[in-house]
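A short write-up of the structure that comes next.
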Amino acid sequence: MAAPFRLYNTLTRRVEPFEPVKPGHVGIYCCGMTVYDDCHAGHARAFIIFDAFVRRLRARGWSVRFVRNYTDVDDKIIHRANERGEDPAALADRYVAAFARDAAALGLAPPDAEPRVTTSMDDIVAMIERLVGQGHAYAVDGNVWFAVRTAPRYGQLSGQAVDALGSSADPDSGKRDPLDFALWKSARAGDPSWPSPWGPGRPGWHIECSAMAARHLGETIDIHGGGLDLVFPHHENEVAQSECAHGARFSNWFMHNGLLTMPGGRKMGKSEGNAFTVVDLTAAWPAEAIRLYYLQNHYRSPLAWTPDSIAESLAMLDRLVEAREVASRMTGDGEAARLLTDLGADAAEVWRLGNAFEAAFHAALDDDFNTAAALGLAFELARAVNRFANHKRAAAVGAPVVAPALRALALLPPHLGLLQTDVGTWQAELAAKVLPRRGTSANAVDALVADRTAARNGRDWARADALRTELDALGIAVMDRDGHTTWRVRVT
RNA sequence: GGCGCCAUACCCAAGUGGUUAAGGGAGAGGUUUGCAAAACCUCCAUUCCCCGGUUCGAGUCCGGGUGGCGCCUCCA
């Protein structure tokens with residue numbers, strides 16, 4: 001059982017020691033995709049952050065139940081389907097499949113449950129009936145509205161005072177108060193609809209999450225997550241509905257990730273016409289480079305997207321992978337204490353940092369999930385490994401000295417989902433994704449390298465250098481090491 | 001107008017009032033190398049947007065500016 005950690009809570013606007021309702025068990029609900037379009041880099045930030053966060057909780061010894069929904073009934077879906085002359089359900093199914101593909105490509109661990117609105121309709125209707133029965137909601141002409149002013153603490157999450165909220169109410173809606181929002185919308189001709197006590201219709205946007213969270217995690221959940229843009233109205237309304245319906249706290253923590261912004265300062269979004277889709281990103285770059293890009297930044301900070309972002313992250317990841325490879329190639333089984341005195345200060349330093357890593361790593365991640373600080377430690381360790389590796393005897397006898405460093409780096413896969421592949425797989429993925437953009441392929445590079453090796457064997461340095469120049473132009477770094485030649489894709 | 005967030009080097013970026021302000025990328029010089037690459041070493045913020053204040057001590061706390069951003073019923 002791990003120690004409690006500190007986590008920022010949007011409800012209190014403070015970093016607080018995290019305590020789940022049931023000791024050792026954590027229930028997390030995360031708002032997933034509204035499936036009317038492809039997942040973009042902004043969505044990916046949220047999904048990767050919560051994926052890493054859940055991995056971290058589990059690796060720390062918590063038992064976690066993680067639920068992420070699909071919103072597959074929604075006005076935007078209907079609108080998009082009508083534009084395309086497509087059946088809304090078919091369109092939603094198509095984008096559910098697209099998201100599943102993107103999630104797999106990003107290396108997201110599957111949630112414990114992925115409920116959909118269409119399969120949660122009974123729970124949704126039951127919850128609305130309950131709210132109507134309690135006087136928190138009322139039906140008008142087949143619509144059901146939530147009476148915002150009956151929710152005692154409305155505004156608690158977003159810090160909005162009820163009376164300060166503006167309204168854009170449609171005067172013909174039948175709402176008693178402009179702030180009231182829809183729990184159930186009556187079907188217009190051609191809309192997808194489900195039967196209900198108020199006639200055929202579909203759920204409003206917020207009630208689904210309240211119903212699904214209660215179904216899969218109980219009336220009080222530990223952490224509710226999502227993008228900062230969901231705080232109001234979505235999460236505020238979820239709180240109101242759930243707390244009125246259940247008479248219990250809805251979620252003890254709200255965890256919101258900062259948004260991705262574009263260079264012009266504008267938010268990334270399809271409506272802005274500036275979205276980078278995950279299908280394109282994952283085709284172009286190794287998934288872990290994308291993950292590292294997001295985890296280098298604190299999850300709550302706004303993050304400006306720049307074209308070089310992923311390339312830089314790839315260079316960083318490459319550095320960690322290479323350092324781990326260098327360390328893992330070392331052999332020897334001497335006594336560490338003896339080796340440290342023989343091998344000098346650099347050995348002592350990599351030993352020290354390796355042994356100190358775990359505590360510092362946990363301290364960083366326990367401090368409001370500070371992945372950037374935790375990764376900084378890994379880079380410090382990588383440099384110490386490389387510095388030690390420069391010693392003539394390190395490769396032959398250094399294994400015991402770098403053993404703590406390897407144990408330290410082995411924390412990255414379970415805790416953050418980084419460094420999950422071995423160096424061969426990594427380089428192959430990199431080559432397969434990056435080389436086509438440069439108009440070449442791994443096979444073509446192999447052939448050029450083979451030619452160069454032949455030239456070198458014949459001591460034809462001019463030809464060898466000409467081939468190096470050619471490879472260099474393709475962004476290939478060729479390394480002659482220990483009597484044989486290897487190559488890798490240069491990323492910056 | 002209401003609610004809130006942010007400002008650290010050429011770029012990205014961490015930073016719990018207290019030793020030399022993490023880490024990465026780019027750049028310059030060096031070691032190494034047939035030449036390279038990678039790696040390592042050195043250099044790259046006497047200073048944290050500005051002005052006040054609290055304090056023995058402020059990047060960190062408070063107040064006021066300036067600039068940027070988010071939400072205020074489409075949003076991850």
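Since the model is a prediction, treat every value here as computed from it, not as a measurement. Labels below follow one simple rule: chain letters A, B, ... track the order of the sequence lines, proteins then strands, and each chain is numbered from 1.
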I'd like a table of atom pairs between the protein and nucleotides 10-14 of chain B - only N or O on both sides, under 3.5 Å - with the distance next to each one.
unit_1: B:rA14; atom_1: OP1; unit_2: A:His298; atom_2: N; d: 3.4
unit_1: B:rA14; atom_1: O3'; unit_2: A:Asn370; atom_2: ND2; d: 2.9

*Nucleotide B:rA76, atom C1' - distance to CZ of A:Phe53 in whole Å*: 16 Å

*Run the side-chain contact (heavy atoms from CB on, under 4.5 Å) check on A:Ile128 and A:Ile207 step by step: do they pass?*
CA-CA 8 Å; A:Ile128 298 173; A:Ile207 191 67; 3.9 Å; yes

*Given atom CZ of A:Arg452 and atom P of B:rC35, what is their separation to the nearest angstrom?*
12 Å

*Is B:rU60 paired to anything, Watson-Crick or G-U wobble with both distances less than 3.5 Å, and if yes, which nucleotide?*
none

*Are the charged groups of A:Arg490 and A:Asp318 less than 4.0 angstrom apart, N to O?*
no

*Between A:Tyr95 and A:Asp72, is any side-chain donor less than 3.5 angstrom from a side-chain acceptor?*
no

*ring-ring contact (aromatic ring centres under 6.0 Å, His included) with A:Phe250: which residues, sequence neighbours excluded?*
A:His224

*Provide the full list of salt bridge (charged side-chain N to carboxylate O under 4.0 Å, His left out) pairs with a residue in residues 291-302 of chain A, sequence neighbours left out, each pair given once.*
A:Asp51-A:Arg291, A:Arg300-A:Asp368

*Take atom P in B:rG70 and the same atom in B:rA76, then report the distance between them in whole Å.*
16 Å

*Atom NZ of A:Lys76 to atom P of B:rU73: distance rounded to whole Å?*
14 Å

*For RNA chain B, whose closest nucleotide is more 5', that of A:Ala464 or that of A:Gly226?*
A:Ala464

*Both distances under 3.5 Å, Watson-Crick or G-U wobble: report the partner of B:rU47, or none.*
none

*asked:* What's the gap between B:rG64 and B:rG1 when it is taken at their P atoms, as a whole Å value?
replied: 15 Å

*What does B:rC69 pair with, Watson-Crick or G-U, if both distances are under 3.5 Å?*
B:rG4

*Which part of the nucleic acid, if any, lies within reach of A:Gly32 when heavy atoms closer than 4.0 Å are counted: base, sugar-phosphate only, or nothing?*
sugar-phosphate

*Send over the distance from A:Asp229 CG to B:rC69 P, rounded to a whole Å.*
16 Å

*What distance, rounded to whole Å, do you find between the two P atoms, one in B:rG63 and one in B:rG29?*
49 Å

*Starting at CG of A:Leu317 and ending at C1' of B:rG25, how long is that distance when rounded to a whole Å?*
14 Å

*Residues which pass side chain to side chain contact (heavy atoms under 4.5 Å, CB included) with A:Glu325, listed by chain and number, not counting sequence neighbours*: A:Ser328, A:Arg329, A:Val423

*asked:* Heavy atoms within less than 4.0 Å of RNA chain B: which residues of residues 347-354 of chain A have one? Give them sorted by number.
replied: none

_Spacing of the C1' atoms in B:rC48 and B:rC61 (rounded, Å)_ = 16 Å

Sort me out a list of protein N/O and nucleotides 37-39 of chain B N/O pairs below 3.5 Å, or just none if empty.
unit_1: B:rA39; atom_1: O3'; unit_2: A:Asn386; atom_2: ND2; d: 3.2

*In whole angstrom, give the distance that lies between atom CG of A:Leu375 and atom C1' of B:rG24.*
10 Å

*Span that lies between the C1' atom of B:rC50 and that of B:rC43, in whole angstrom*: 30 Å

_Residues forming a salt bridge (charged side-chain N to carboxylate O under 4.0 Å, His left out) with A:Arg188, sequence neighbours excluded_ = A:Asp191

*According to the Watson-Crick and G-U wobble definitions, with both distances under 3.5 Å, which nucleotide is paired to B:rG29?*
B:rC41

_Say we look at B:rG52 and B:rG18: how far apart would their C1' atoms be, to the nearest angstrom?_
23 Å

_Using a 5.5 Å cut-off between ring centres and planes within 30 degrees, is A:Phe379 stacked on the base of B:rG24?_
no

_Geometric class of the A:Tyr154/A:Phe232 ring pair [parallel <30°, tilted 30-60°, perpendicular >60°]_ = perpendicular

*Measure the spacing between CG of A:Leu295 and OG1 of A:Thr371 and express it to the nearest 0.5 Å.*
5.0 Å

*Is it the case that A:Arg14 places NZ or CZ above or below the six-membered ring of A:Tyr8, under 6.0 angstrom from the centre and within 45 degrees of the axis?*
no

*Residue matched to B:rA22 through Watson-Crick or wobble contacts both under 3.5 angstrom*: none

*Quick one: on RNA chain B, does A:Arg45 or A:Phe181 contact a more 5' nucleotide (nearest heavy atom)?*
A:Phe181

*Between B:rG34 and B:rG15, how far is it from one C1' atom to the other, in whole Å?*
47 Å

*Quick one: sort the A:His206 and A:His234 rings into parallel, tilted or perpendicular, breaks at 30° and 60°.*
tilted

*How close or far is atom C1' of B:rA76 from atom CZ of A:Arg300, stated in whole angstroms?*
17 Å

_Going by the rule ring-ring contact (aromatic ring centres under 6.0 Å, His included), which residues pair with A:His136 if we only count those two or more places apart in sequence or in a different chain?_
none

*Which value, in whole Å, describes the distance between the P atoms of nucleotides B:rU42 and B:rG25?*
15 Å

*Results of side chain to side chain contact (heavy atoms under 4.5 Å, CB included) for A:Arg101 - residues two or more places apart only*: A:Asp38, A:Ala98, A:Val279

*asked:* Holding to side-chain hydrogen bond (donor to acceptor under 3.5 Å, both in side chains), I want the full list of residues that pass it with A:Arg324, two or more places apart in sequence or in another chain.
replied: none

*Quick one: side-chain hydrogen bond (donor to acceptor under 3.5 Å, both in side chains) partners of A:Asn82, sequence neighbours excluded?*
none

*Measure the distance from CD on A:Glu380 to C1' on B:rC40 and round it to the nearest whole Å.*
16 Å

Could you list the protein-to-nucleotides 2-4 of chain B atom pairs, N/O on both sides, closer than 3.5 Å?
unit_1: B:rG2; atom_1: N2; unit_2: A:Gln160; atom_2: NE2; d: 3.1
unit_1: B:rC3; atom_1: O2'; unit_2: A:Ser158; atom_2: O; d: 3.0
unit_1: B:rC3; atom_1: O2'; unit_2: A:Gly159; atom_2: O; d: 3.3

*asked:* Quick check on salt bridge (charged side-chain N to carboxylate O under 4.0 Å, His left out): which of A:Asp480, A:Asp465, A:Asp446, A:Asp460 does A:Arg452 satisfy it with?
replied: A:Asp480

